[in-house]
Amino acid sequence: MKTRSHKMTKSFALGILALGSIACAGCQVSVGGQTLPSAYYHADDIQYMPRGPEFKLSREAAALKAARNQIQNQQ
């Protein structure tokens, strides 16, 4: 009976160790459109994204203005 108890204790300890190692491994996952960081995000390379223009549709606005000017010049 004592060996069965000892085996149960070993199995429980190994299960806890396995769960602990999985929890500490960390991985980057995507959940609901969010990218959640890995456990090592402090060591990741920094990616610099330069600021863009405040008005995101500047090319479209310029094309519309040119089209309006062209229509007014034709009349």
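Quick caveat, the model's predicted, so the values are computed rather than measured.
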Lys10 NZ to Met8 CE distance, which is reported to the nearest 0.5 Å: 14.0 Å

Qualifying salt bridge (Lys or Arg N to Asp or Glu O under 4.0 Å) pairs with a residue from residues 46-56, counting only residues at least two apart or across chains: Arg51-Glu54

From CG (Leu14) to CG (Leu19), nearest 0.5 Å: 11.0 Å

All pairs passing salt bridge (Lys or Arg N to Asp or Glu O under 4.0 Å) where residues 57-71 contributes a residue, at least two apart: none

